[in-house]
Enquirer: 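This structure is in structure tokens; I'll ask about it shortly.
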Amino acid sequence: MRAIIFGGIGTIANTSYLQRKAFNAAFEQLSIEWHWGEDEYRRLIVETGGESRIGQYNEKYGGLPKGILPQQVHELKSNLFHNFMNNSKLPLRQGVKWVIDHAKFNNIKLAFATTTSRKNIDILLSSTGLDPSIFDIISNRALVDAPKPQPEVYNYCLNKLNVGAHNSVAIEDASSGVEAAVSAGIKCVAFPNEFTANHNYLDAIEKTGDLRKSSYLSAFLTS
């Protein structure tokens, strides 16, 4: 193995609860009579893209006040999310530091293949105490045209790392990320969180809640 590629920001730290909190806070501030409970949010985040999620929800249920666009709601939600993360000390998910430490020891390249904004990434890394320099490449929304489940972000990272898909493994917390990795020819370890545990991970080589317990990763990192 020559590269380990972390997927969305949820593979580093559990942020879904702060995302849901930010959505609901934005709805309240804009007098939108929506509230996304935990079960509903689990269903909604099967698809990626917060702005499109708001638009699709409005198309199905209505409720956006006249003159309020999904983009405006999402911009407010993003600002609130940044504030919540800035005011939080986010712990790394189980086994993340173990993977990073063992990858460095074994001279395995690390990448962060996310299509979120650069600001989200910077705040996440600051909140978790991770130095961005541990990654050989960090992607973001501005660097690719197509979000997951399209494989563009993975192809971008493979090209920048100068490694082949067959020499890499991805770690993803959502089904759309698994699909993106597999479409790029990369084997993927599913690493769901409490909000994505119900996703379809049939294309993943394994599913785990603790990367230290991944038999696939352990075979390369501890041999």
Side-chain angles (χ1 to χ4, degrees), residues 1-20 38-39 41-48 89-116 121 124-125 127-130 134-139 148-149 151 153-154 157-158 161 163-223:
M1 184 192 298
R2 293 184 57 202
I4 296 174
I5 308 174
F6 285 88
I9 62 176
T11 61
I12 302 295
N14 281 322
T15 61
S16 291
Y17 74 100
L18 290 179
Q19 297 269 18
R20 186 178 74 90
E38 291 187 6
D39 289 341
Y41 193 64
R42 287 188 183 94
R43 176 177 59 81
L44 290 170
I45 61 175
V46 171
E47 302 295 332
T48 59
K89 186 66 176 177
L90 297 177
L92 295 173
R93 292 193 62 195
Q94 291 184 312
V96 169
K97 189 175 186 302
W98 177 84
V99 168
I100 292 171
D101 289 346
H102 280 74
K104 291 298 182 182
F105 180 79
N106 288 285
N107 295 315
I108 295 172
K109 294 181 178 181
L110 288 171
F112 195 4
T114 173
T115 54
T116 192
I121 298 165
L124 171 77
L125 296 178
S127 297
T128 57
L130 283 182
I134 66 171
F135 295 101
D136 296 277
I137 183 68
I138 299 176
S139 65
K148 299 171 186 177
V153 67
Y154 276 104
C157 287
L158 290 175
L161 293 170
V163 299
H166 64 287
N167 284 325
S168 307
V169 63
I171 299 168
E172 279 285 358
D173 68 325
S175 56
S176 58
V178 174
E179 183 178 344
V182 172
S183 294
I186 304 170
K187 291 181 179 180
C188 187
V189 173
F191 187 35
N193 61 53
E194 60 181 316
F195 285 98
T196 62
N198 63 333
H199 287 198
N200 179 350
Y201 294 113
L202 293 178
D203 290 332
I205 54 174
E206 66 179 348
K207 174 182 171 182
T208 184
D210 185 341
L211 296 178
R212 291 167 296 192
K213 297 179 180 179
S214 164
S215 58
Y216 189 81
L217 292 172
S218 293
F220 293 98
L221 296 178
T222 62
S223 59

Enquirer: Could you check whether any side-chain N or O of S139 sits under 3.5 Å from a backbone N or O of F112, counting only pairs where one atom can act as donor and the other as acceptor?
Expert: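 Confirmed, S139 side chain pairs with F112 backbone.
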Enquirer: Would you say the side chain of L217 lies within less than 4.5 Å of the side chain of T208, judging by non-hydrogen atoms?
Expert: no
Enquirer: Hey, could you give me the CD1/CD1 distance between I121 and I12, rounded to the nearest 0.5 Å?
Expert: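 Going from CD1 on I121 over to CD1 on I12, the span is 10.5 Å.
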Enquirer: Drop me the distance from L44's CG to Q19's CD, to the nearest 0.5 angstrom.
Expert: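 These two atoms lie 12.5 Å from each other.
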Enquirer: State, yes or no, whether a side-chain contact exists between T116 and L124 at a heavy-atom distance under 4.5 Å.
Expert: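 T116 vs L124: side chains apart.
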Enquirer: Heavy atoms only: give me the nearest V163-S168 pair and the separation to one decimal.
Expert: CG2-OG, 3.5 Å
Enquirer: Check whether any side-chain heavy atom of S214 sits under 4.5 Å from a side-chain heavy atom of E206, and report yes or no.
Expert: yes
Enquirer: Measure the spacing between CD1 of I186 and CD1 of I205 and express it to the nearest 0.5 Å.
Expert: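 Reported value, rounded in 0.5 Å steps: 11.5 Å.
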Enquirer: With sequence neighbours left out, which residue pairs that include part of residues 172-212 fulfil the ring pair (Phe, Tyr, Trp, His ring centres under 6.0 Å) condition?
Expert: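 Applying ring pair (Phe, Tyr, Trp, His ring centres under 6.0 Å) to every pair that reaches into residues 172-212, excluding sequence neighbours, yields Y41-F195.
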Enquirer: So F6 and L211, do their side chains get closer than 4.5 Å, heavy atoms only?
Expert: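 A side-chain contact exists here, since the closest heavy-atom pair is under 4.5 Å.
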Enquirer: Are I171 and R93 packed together at the side-chain level, in the sense that at least one heavy-atom pair is separated by less than 4.5 angstrom?
Expert: no
Enquirer: Indicate the atoms forming the closest heavy-atom contact of V153 with A113, along with that distance.
Expert: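 Smallest heavy-atom distance, with atoms named: CG2-C, 4.0 Å.
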Enquirer: Give the minimum heavy-atom separation between K148 and T114, together with the two atoms involved.
Expert: NZ-CA, 4.3 Å
Enquirer: Consider side-chain contact (heavy atoms from CB on, under 4.5 Å). Of L110, N106, I100, which one does I4 pass it with?
Expert: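 Running side-chain contact (heavy atoms from CB on, under 4.5 Å) over L110, N106, I100 with I4 returns exactly one hit, L110.
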Enquirer: Give, for atom NZ of K109 and atom NZ of K104, the distance between the pair rounded to the nearest 0.5 Å.
Expert: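 So the gap between those two atoms works out to 10.5 Å.
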Enquirer: Under a 4.5 Å cut-off applied to non-hydrogen side-chain atoms, are D210 and W98 in contact?
Expert: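 No, too far: nothing below the 4.5 Å cut-off.
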Enquirer: Considering all heavy atoms of both residues, which atom of G7 and which atom of E172 are nearest to each other, and what is their separation?
Expert: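 The answer is CA-OE2, 3.3 Å.
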Enquirer: Applying side-chain contact (heavy atoms from CB on, under 4.5 Å), can you list everything that pairs with N167, at least two apart in sequence or on another chain?
Expert: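 Only R2 meet the side-chain contact (heavy atoms from CB on, under 4.5 Å) criterion with N167.
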Enquirer: Roughly how far apart are R20 CZ and I45 CD1, rounded to 0.5 Å?
Expert: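 If we round to the nearest 0.5 Å, R20:CZ and I45:CD1 are 10.5 Å apart.
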Enquirer: Is the side chain of T196 donor-acceptor paired with the backbone N or O of P192 at a distance under 3.5 Å, no angle test?
Expert: no
Enquirer: May I ask you to test the I5-L158 pair for a side-chain heavy-atom distance under 4.5 Å?
Expert: yes
Enquirer: Show the nearest heavy-atom pair for residues P149 and S183, with the distance to one decimal.
Expert: O-OG, 4.5 Å
Enquirer: By ring-ring contact (aromatic ring centres under 6.0 Å, His included), which residues pair with Y216, not counting sequence neighbours?
Expert: F220
Enquirer: Could you check whether any side-chain heavy atom of Q94 comes within less than 4.5 Å of a side-chain heavy atom of R212, counting everything from C-beta outward?
Expert: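 The answer is yes; the side chains approach within 4.5 Å.
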Enquirer: For the side chain of K213 and the backbone of G95, is there at least one donor-acceptor N/O pair under 3.5 Å apart?
Expert: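 No, the answer is negative, given that no donor and acceptor are paired below the 3.5 Å cut-off.
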Enquirer: If I compare all heavy atoms of A184 with all of A165, which pair ends up nearest, and what's the gap?
Expert: O-CB, 3.4 Å
Enquirer: Please report the interatomic distance CD(E194) to CG(D173), rounded to the nearest 0.5 Å.
Expert: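 If we round to the nearest 0.5 Å, E194:CD and D173:CG are 11.5 Å apart.
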